[in-house]
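Scope of the values below: all heavy atoms of this structure, side chains included, with no hydrogens, waters or symmetry mates.
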Amino acid sequence: MASHLHQMYPKTPLRLALTLPGILHVEKSPSQIDAASFMHSFQVNTLGPMLLMKHLAPFLPTKSTRPFPTLPQSDDNNNSTSLSLPAYSIYATLAARVGSITDNASGGWYSYRASKAAVFQLTKTFDLYLRAQSRDRALAVALHPGTVRTDFTREYWGTREMLEPQDAAERLLDVLIGVSADFEGGRGRCWDWKGVEVCP
Ligand SMILES: NC(=O)c1ccc[n+]([C@@H]2O[C@H](COP(=O)([O-])OP(=O)(O)OC[C@H]3O[C@@H](n4cnc5c(N)ncnc54)[C@H](OP(=O)(O)O)[C@@H]3O)[C@@H](O)[C@H]2O)c1
């Protein structure tokens with residue numbers, strides 16, 4: 001993927017990255033823990049995002065890269081839209097509220113929780129790398145999309161209130177654009193679809 005991107009866009013820095021891999025093996029009690037399912041969860045939910053960081057990091061701007069213009073973006077018909085991306089790159093990874101140790105009130109889902117808790121750590125670590133490498137030209141954050149009606153939650157459709165994928169995506173994009181690249185501006189942390197921090 002990285003070499004394909006490099007061929008297609010040799011001189012274009014990556015401006016907005018959203019990395020999404022996630023699967024869930026449900027474990028309600030320790031007796032349901034299964035080594036192969038655990039390995040699969042970590043492969044997709046933790047190692048997947050980590051390898052994406054490895055291979056996409058070279059596309060992010062460095063401190064000497066010129067800031068992007070902050071003009072409103074155009075859609076396919078060349079009409080101006082209200083979306084105005086910031087002057088720096090944003091690298092986002094989908095975490096999950098259940099990956100928060102602070103927030104864990106109900107237990108269960110051992111592998112999923114542990115693999116997503118690691119995403120909070122990876123995000124912070126990658127953001128520290130970007131602070132050194134790119135300063136205010138690039139930042140990393142993690143996101144919690146809310147409970148969304150996707151294949152991921154198919155089993156639970158109709159049992160609880162869910163966001164539609166488009167609503168979740170629009171809300172997350174608003175949150176992403178609101179995170180600023182200065183030290184206290186929210187970089188390196190996890191934000192939910194309402195813009196509220198999810199603590200590790
Ligand atoms: N839906 C929710 O309520 C909810 C809540 C909290 C967090 N999340 C997180 O949000 C992210 C997106 O989930 P979603 O709701 O959009 O579910 P989804 O429709 O099931 O999407 C799952 C994503 O994971 C990728 N994936 C699955 N297995 C993979 C594998 N073996 N290798 C590489 N990629 C793989 C899929 O890629 P393909 O499209 O190529 O199959 C897809 O992009 C996930 O990280 C999930 O944990 C979702």
Side-chain angles (χ1 to χ4, degrees), residues 16-57 90-131 138-157 159-165 167-179 185-200:
L16 180 62
L18 291 149
T19 61
L20 308 175
I23 48 126
L24 168 67
H25 291 287
V26 173
E27 305 123 344
K28 291 186 176 147
S29 74
S31 64
Q32 293 174 325
I33 292 170
D34 170 70
S37 301
F38 171 88
M39 293 303 279
H40 187 221
S41 302
F42 268 74
Q43 262 177 336
V44 176
N45 299 354
T46 313
L47 182 58
M50 192 158 71
L51 289 174
L52 286 166
M53 286 170 184
K54 170 180 173 173
H55 291 290
L56 292 175
I90 301 169
Y91 188 101
T93 304
L94 267 285
R97 188 181 300 284
V98 298
S100 162
I101 296 167
T102 316
D103 192 77
N104 186 355
S106 54
W109 294 8
Y110 292 79
S111 302
Y112 185 72
R113 281 187 190 279
S115 64
K116 287 291 187 178
V119 170
F120 287 66
Q121 180 69 279
L122 293 180
T123 300
K124 176 74 191 231
T125 303
F126 187 47
D127 187 65
L128 289 168
Y129 168 81
L130 292 177
R131 283 177 199 219
L139 61 87
V141 287
L143 295 173
H144 168 65
T147 305
V148 188
R149 191 188 306 278
T150 61
D151 284 348
F152 188 86
T153 51
R154 186 174 287 277
E155 229 182 281
Y156 303 97
W157 288 4
T159 66
R160 64 193 72 180
E161 213 175 302
M162 289 189 188
L163 289 160
E164 291 304 321
D167 295 337
E170 282 170 7
R171 298 292 295 257
L172 289 178
L173 197 52
D174 283 345
V175 170
L176 277 179
I177 288 168
V179 175
R187 58 186 299 169
R189 288 146 62 183
C190 181
W191 300 95
D192 76 5
W193 59 284
K194 292 180 179 165
V196 177
E197 183 172 12
V198 183
C199 291

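Closest approach of A95 to F120, counting heavy atoms only: CB-CE1, 3.9 Å. Listed here is the closest heavy atom pair of V119 and L94: CG1-O, 4.2 Å. Of all non-hydrogen atoms in V175 and K194, the two that sit nearest each other are CG2-C, 4.3 Å. Nearest heavy atom pair, residue A92 against residue L176, reads CB-CD2, 3.8 Å. Contact detail for S106 and R113: the closest heavy-atom pair is OG-NH2, 3.4 Å.
At a threshold of 4.5 Å between non-hydrogen side-chain atoms, the residues W191 and E197 count as touching. P49 places a side-chain heavy atom less than 4.5 Å from the side chain of P21. Under the 4.5 Å side-chain criterion, counting only non-hydrogen atoms from C-beta, L47 is in contact with M50. At a threshold of 4.5 Å between non-hydrogen side-chain atoms, the residues T46 and F42 count as touching.
Between Y129 and Y91, the gap from one ring centroid to the other reaches at least 6.0 Å.
Every side chain to side chain contact (heavy atoms under 4.5 Å, CB included) that Q32 has, sequence neighbours left out, goes to E27, K28, S29. Take D103 and apply the side chain to side chain donor-acceptor pair (under 3.5 Å) test, not counting sequence neighbours, and it matches no residue.
Annotation for I101: atom CD1 does not count as buried by contact number, only 12 or fewer foreign heavy atoms lying within 6.0 Å.
In this structure, W193 contributes its side chain and L163 its backbone to no donor-acceptor pair below 3.5 Å. Within the 3.5 Å criterion, the main-chain N or O of V148 finds a donor-acceptor partner in the side chain of T153.
Using a cutoff of 4.0 Å between basic side-chain nitrogens and carboxylate oxygens, D127 and K124 are not scored as salt-bridged.
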